[in-house]
Student: 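There's a structure below that I have some questions on.
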Amino acid sequence: MTLDEKIRCAESQLFESYNLKAAESYVDLLAASVRLRVLSIGSGPPIVMLHGVSLSAAVWAPLVARLSGYRAHLVELPGHGLSGPFAYRIHGVREHSVLLLDELFDALELQTALVVGHSLGGMFALWHAAERPGRISSLVAIGGPAVALPGVTVRMPLSLMTVPVLGPMTLRAPATRSVYRRLLGQGLSPAAAAPVELLDVLRFAGRRSGNARTVASLMHAIDGFRHPRHASVMSDVELGRVRVPALFLWGSDDPFLRPDQGRSSIAKMPFGVLHEIPGGHGPWLEDPDGCARFVTQHFSASGGPPAP
């Protein structure tokens, strides 16, 4: 089996275990120069879901299985899952991410969008909300939004990804399930319950050459070895321009930035709310029921109730 076939097989088994049926589509974003894969599940008001770095659409399965009444569009960002590659450059990531989400929303025929973003996905959504007021109608950011907020420390294993040559080599290195589970635990939480099928999707996807090159170029473009690049971090003025109802579901043990360290930044957003929950950087993998309740409550309160 090819890597892509192994990814699809593991993904199919994962979704089947959650009784999820996904419709696959691809969108060609001409201005952003990338082809994205989208998996759409359920029916009702649409939600766009953006994963974190080195993850894929499959990582949302435990949460989506509990979001009844919505049409969830699970987007695989450039160089992730089975989406196409992209060569990021320093100082160009933010501009590209705003353009990418503009085109993505248009391709999905969404004049406005409810968005759930984890880590990198949350950062892309915040950057977009600051530059394009009104297009994102409501946002849930799960886990610290990558390096968008001041105070983040770049830690292992992400630090290795920022180093040219070493980054792609690290990402493409074959890893057993047990090794990958430990790596995922470092990045998300040691307590995160990742099914073996999800581990297989992620470890196989990371070995795709285009994915490894993309993620390494992205990490080098937004981060130094220990600290984010200045252009990645939002200023107080930019935070004030995020006028969307934004709920931050933040694990108390997030290894990259604690909730109390992000509180002052969120307070600068006119409609930002921080809710600290037990867990690490990927709390929906530890408490999917609790996270699903918060997502549904937030969207219902901000104009996007689920379909009956």
Side-chain angles (χ1 to χ4, degrees), residues 49-56 59-60 63 77 80 88 93-94 97 116-127 139-163 167 170-171 180-194 202 206 215-235 238-239 242 246-269 272-287 291 294:
M49 303 187 73
L50 308 172
H51 60 73
V53 72
S54 77
L55 302 178
S56 73
V59 79
W60 291 118
L63 182 61
L77 294 171
H80 291 78
Y88 286 98
V93 181
R94 194 188 293 210
S97 72
V116 175
H118 168 243
S119 194
L120 176 71
M123 179 170 71
F124 280 10
L126 287 172
W127 285 347
L139 168 65
V140 177
I142 304 182
V147 294
L149 306 185
V152 174
T153 299
V154 181
R155 301 184 185 277
M156 298 293 284
L158 298 183
S159 293
L160 290 178
M161 300 181 194
T162 69
V163 182
T170 301
L171 289 160
Y180 198 88
R181 187 182 292 279
R182 288 197 296 272
L183 291 172
L184 194 65
Q186 283 183 281
L188 295 178
S189 167
L202 298 179
V215 173
S217 72
L218 170 66
M219 296 304 295
H220 180 66
I222 64 174
D223 291 332
F225 189 75
R226 295 293 292 169
H227 300 286
R229 298 191 188 278
H230 178 74
S232 304
V233 183
M234 299 179 74
S235 68
E238 290 168 334
L239 293 171
V242 179
L247 171 66
F248 291 79
L249 286 180
W250 209 316
S252 55
D253 296 321
D254 193 304
F256 303 106
L257 191 70
R258 298 190 312 273
D260 61 289
Q261 293 175 301
R263 190 177 302 277
S264 62
S265 295
I266 294 170
K268 294 179 174 67
M269 304 176 198
V273 176
L274 171 64
H275 192 92
E276 183 175 344
I277 57 178
H281 194 54
W284 80 95
L285 292 172
E286 300 177 60
D287 182 13
C291 287
F294 281 116

Student: Give me the atom names and distance for the closest heavy-atom approach of Leu249 to Pro283.
Tutor: O-CG, 4.3 Å

Student: Identify, with sequence neighbours excluded, every residue that meets ring-ring contact (aromatic ring centres under 6.0 Å, His included) alongside Phe248.
Tutor: none

Student: Using the rule given for side-chain contact (heavy atoms from CB on, under 4.5 Å), can you reason through Leu149 versus Lys268, listing the C-alpha separation, both sets of side-chain angles and the distance that settles it, and then say yes or no?
Tutor: CA-CA 11 Å; Leu149 306 185; Lys268 294 179 174 67; over 6 Å; no

Student: Which of parallel (below 30°), tilted (30 to 60°) and perpendicular (above 60°) describes Phe294 and His275?
Tutor: tilted

Student: Under 3.5 Å, side chain of Arg263 to main-chain N/O of Leu274, donor-acceptor pair present?
Tutor: no

Student: Quick check: do Val59 and Trp284 have side-chain heavy atoms less than 4.5 Å from each other?
Tutor: yes

Student: Closest approach of Ser54 and Leu202, non-hydrogen atoms and distance?
Tutor: O-CD2, 4.1 Å

Student: Could you tell me the separation between the CG atom of Leu50 and the NE2 atom of His118, rounded to the nearest 0.5 Å?
Tutor: 12.0 Å

Student: Check for a donor-acceptor pair, side chain of Arg94 on one end and backbone N or O of Trp127 on the other, with a separation under 3.5 Å.
Tutor: no

Student: Quick one: list whatever passes side chain to side chain contact (heavy atoms under 4.5 Å, CB included) with Pro150, sequence neighbours left out.
Tutor: Val233, Ser265

Student: Just to verify, what does Tyr180 make a ring-ring contact (aromatic ring centres under 6.0 Å, His included) with, not counting sequence neighbours?
Tutor: none

Student: Going by the rule side-chain hydrogen bond (donor to acceptor under 3.5 Å, both in side chains), which residues pair with Arg258 if we only count those two or more places apart in sequence or in a different chain?
Tutor: Asp260

Student: Taking all heavy atoms of Ile266 and all of Gly272, pick out the closest pair and write down the distance.
Tutor: CG2-C, 3.7 Å

Student: Can you name the residues that form a ring-ring contact (aromatic ring centres under 6.0 Å, His included) with Trp250, not counting sequence neighbours?
Tutor: none

Student: Return the minimal non-hydrogen interatomic distance between Leu55 and His80, and the atom names on each side.
Tutor: O-CD2, 3.3 Å

Student: Which value, rounded to the nearest 0.5 Å, describes the distance between Leu247 atom CG and Ile142 atom CD1?
Tutor: 8.5 Å

Student: Are any of the side-chain heavy atoms of Ile277 and Cys291 separated by less than 4.5 Å?
Tutor: yes

Student: In Å, rounded to the nearest 0.5 Å, how long is the span from CG of Asp223 to NE2 of His220?
Tutor: 10.5 Å

Student: Work out which heavy atom in Leu218 is nearest to a heavy atom in Leu120; give both atom names and the distance.
Tutor: CD2-CD2, 3.7 Å

Student: Excluding sequence neighbours, so at least two apart, what forms side chain to side chain contact (heavy atoms under 4.5 Å, CB included) with Ser235?
Tutor: Val237, Glu238

Student: Test of understanding: with side chain to side chain contact (heavy atoms under 4.5 Å, CB included), list the residues that count as partners of Ser119, not counting sequence neighbours.
Tutor: Ala146, His281

Student: Please give me the minimum heavy-atom distance between Met49 and Leu63, naming the atom from each residue.
Tutor: CE-CD2, 3.8 Å

Student: Quick one: does any side-chain atom of Glu286 pair with a main-chain N or O of Pro278 as donor and acceptor, under 3.5 Å?
Tutor: no

Student: Hey, are the side chains of Val93 and Phe124 touching, using non-hydrogen atoms and a 4.5 Å cut-off?
Tutor: yes

